[in-house]
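First comes the structure, then the notes that go with it.
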Number of protein chains: 2
Amino acid sequence: MFKKVLVVEDLDTVAYGISMMLKQELGIREVHSTEYCDKAYTKIEGELRKGQPYDLLITDLSFKKDHTPLQLHSGKELIEKLRQKEHNLPIIICSVEEKPTMVKRFIQIDKVSAYVLKGRNGLKDLKEAVMAVFKGQHFVSNTITQLTKGSGFFELEDYDVSLLSYLSNGFSQTEISATLSKEGISPSSLSSIEKRLNKLKDILKANNNVQLVANAKDLGLI
Amino acid sequence: MFKKVLVVEDLDTVAYGISMMLKQELGIREVHSTEYCDKAYTKIEGELRKGQPYDLLITDLSFKKDHTPLQLHSGKELIEKLRQKEHNLPIIICSVEEKPTMVKRFIQIDKVSAYVLKGRNGLKDLKEAVMAVFKGQHFVSNTITQLTKGSGFFELEDYDVSLLSYLSNGFSQTEISATLSKEGISPSSLSSIEKRLNKLKDILKANNNVQLVANAKDLGLI
DNA sequence: GTAATTTTTACGGTTTTCCGTAAAAAAGTT
DNA sequence: AACTTTTTTACGGAAAACCGTAAAAATTAC
């Protein structure tokens, strides 16, 4: 089994739970944990230089902002920086996000070994994942593989979410159009934005932009 | 210290972490946990009938939906049903939501003893909360009390909240005016409604109705 | 009871959203 | 290459939101 594992997770409750499981149920002796991606990166580099590198990285994706200034704001950025700097240790992502396309991306491009969905079986899945990865195998939580098959579920693109986000921040449609075209993001015309928003109103069953944003908030999309 | 505690939490990682902490650090012998609010309710009732009631309830607020049909969909509903049925055991909420008005509501109306924010200090806070509640005191995580103090915490009238609520349900200002005058609620004129909404936009720092509703959602006003 | 103040309502003008239609551009097919 | 389909953009009119001003009504003060 792995001997030295780093857990990156901002919720201390979760970090504690994972660490305990790794130690008690998998008998891993050295389990370190940190609440920030920046610290995680320096730790990984540091231990490597000491000649005592980590065997495995388990990381969350989203981290709450607080008042410490950071370079790396998400698990995604941490992973990308690690791979960019040729750190090849196996990585397990442990997150509540269940977007199939993202998961695929992580596994194919960033060579992530496993994707565990935090949920009713999160910890059991993680245990399985660690064992699988130790054998050189991959692991993805069931609920996600199910999602990739049944495509009846609606999934919004980042573009749509950003529109909703702009709206919720008080931008008018005209202002959104101007902002997008300034940033070279397409489509950017007022007309296209209206069309997208109409599609979203249809999906989220809203009569107007106000209700649209309200419903999006309720669903946790923004 | 409490002797018999029920933890209601859908993420097994979190449930595991909390349970371990309660047992190991606070020496609580009987720690049960469940992933559904419905089960939580029946357990509480059941143990009470057996004459071995729980001393304390620790519950999350939001639960992921899966394919088991449920009566109680959230911690809020569980708590309300318990109080309605005269279950007076102390309750600690442990959630990621940090909406000041909600927290106040829980403490004042539902007689919740503590509100712990899941975050970098979630587990430490929870430990403190349990000890405080055992002494008959209240506990609210720091980050939340900061929010209630800092940058103006406003008490809105029911009228204002109902306006926001109408908006979030897709009503136009004209429709709201018509509805209010039909129900004999004053003021009901379009002009007055505009004026109120302008005041609200001022208070909640919003440029337009869309942002207004978004911000109101963030604060848990609606 | 009258004056002063506040609240509610009314109205006009400008901007933005909302909604349909349609052209222009891009992407995909054969 | 020619055609079809999809995506993006353009435009015009109606509805709604936005913003200022001001009259009417209700409250309060004296």
Side-chain angles (χ1 to χ4, degrees), chain A residues 101 151-219 221-222, chain B residues 154-219 221-222:
Chain A
T101 45
S151 59
F153 219 63
F154 76 90
E155 191 176 336
L156 301 187
E157 301 170 30
D158 287 350
Y159 181 83
D160 295 310
V161 176
S162 80
L163 285 189
L164 295 172
S165 177
Y166 277 123
L167 279 183
S168 75
N169 287 321
F171 284 57
S172 74
Q173 296 178 172
T174 325
E175 287 170 332
I176 297 176
S177 170
T179 308
L180 290 183
S181 68
K182 195 174 288 174
E183 292 180 5
I185 296 173
S186 169
S188 68
S189 76
L190 182 58
S191 196
S192 298
I193 291 171
E194 281 186 12
K195 197 167 219 173
R196 273 309 174 112
L197 290 176
N198 281 333
K199 200 191 71 183
L200 290 174
K201 279 174 216 161
D202 196 43
I203 296 175
L204 301 188
K205 294 179 180 60
N207 294 326
N208 52 39
N209 283 351
V210 180
Q211 191 179 15
L212 179 61
V213 166
N215 292 353
K217 283 264 174 205
D218 284 340
L219 290 173
L221 296 172
I222 48 175
Chain B
F154 293 94
E155 279 294 331
L156 299 185
E157 301 171 30
D158 287 350
Y159 181 82
D160 295 310
V161 176
S162 79
L163 286 189
L164 295 171
S165 178
Y166 277 124
L167 280 182
S168 75
N169 286 322
F171 282 59
S172 73
Q173 296 178 171
T174 324
E175 288 170 331
I176 297 176
S177 170
T179 308
L180 291 183
S181 67
K182 195 174 288 177
E183 293 181 3
I185 296 172
S186 168
S188 68
S189 76
L190 181 58
S191 196
S192 298
I193 290 171
E194 280 187 12
K195 198 168 219 172
R196 268 315 169 108
L197 289 176
N198 281 334
K199 200 191 70 183
L200 290 174
K201 279 174 214 160
D202 196 45
I203 296 175
L204 300 188
K205 295 182 181 57
N207 295 326
N208 51 40
N209 283 353
V210 180
Q211 191 178 17
L212 179 61
V213 166
N215 292 352
K217 284 263 176 207
D218 284 340
L219 292 173
L221 295 170
I222 49 177

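Letters go in sequence order (proteins before strands), and every chain restarts at 1. Nothing here was measured: the structure is a model prediction, and the numbers come from that model.
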dC18(D) P sits how many Å from Arg196(B) CZ, rounded?
17 Å
End-to-end axis angle, where each axis spans five pairs of the helix from dG1(C)-dC30(D) to dT30(C)-dA1(D), to 10°
30°
With sugar-phosphate taken as primed atoms, P, OP1 and OP2 and all else as base, the protein-contact string of nucleotides 10-22 of chain C at under 4.0 Å (heavy atoms; B, S, -) is BB----SSBB---
Nearest-angstrom distance from the residue atom CG of Asp160(B) to P of dT8(C)
11 Å
Between Ser165(A) and Ser162(A), is the side-chain hydrogen bond (donor to acceptor under 3.5 Å, both in side chains) condition met? List the steps.
CA-CA 5 Å; Ser165(A) 177; Ser162(A) 80; over 6 Å; no
For Leu167(A) and Gln211(B), what are the C-alpha separation, side-chain angles and deciding distance, and is it a side-chain contact (heavy atoms from CB on, under 4.5 Å)?
CA-CA 7 Å; Leu167(A) 279 183; Gln211(B) 191 178 17; over 6 Å; no
How long is the straight-line distance from CG of Asn215(A) back to NZ of Lys205(A), given to the nearest 0.5 Å?
9.5 Å
Identify all pairs in which a protein N or O lies below 3.5 Å from an N or O of nucleotides 26-28 of chain D, and state each distance.
none

Hey, are Thr174(B) and Ser177(B) close enough side-chain-wise for a donor-acceptor pair under 3.5 Å?
no
Which residues pass the salt bridge (charged side-chain N to carboxylate O under 4.0 Å, His left out) test with Lys217(B), not counting sequence neighbours?
Asp218(A)
d(Ser186(A) OG, Tyr159(A) OH) to nearest 0.5 Å is 7.0 Å
Please, which pairs that meet salt bridge (Lys or Arg N to Asp or Glu O under 4.0 Å) have at least one residue in residues 176-196 of chain A, sequence neighbours excluded?
Glu157(A)-Arg196(A), Asp160(A)-Arg196(A)
Using atom CG of Leu163(B) as one end and atom P of dT8(C) as the other, report the distance to the nearest whole Å.
11 Å
One should read off an interatomic distance between Ile193(A) CD1 and Asn198(A) CG, to the nearest 0.5 angstrom, of 12.0 Å
Under the rule for side chain to side chain donor-acceptor pair (under 3.5 Å), what residues qualify as partners of Asp158(A), not counting sequence neighbours?
Lys99(A)
Intermediate values then yes/no, side-chain contact (heavy atoms from CB on, under 4.5 Å), Ile176(A) and Leu180(A)
CA-CA 6 Å; Ile176(A) 297 176; Leu180(A) 290 183; 4.0 Å; yes
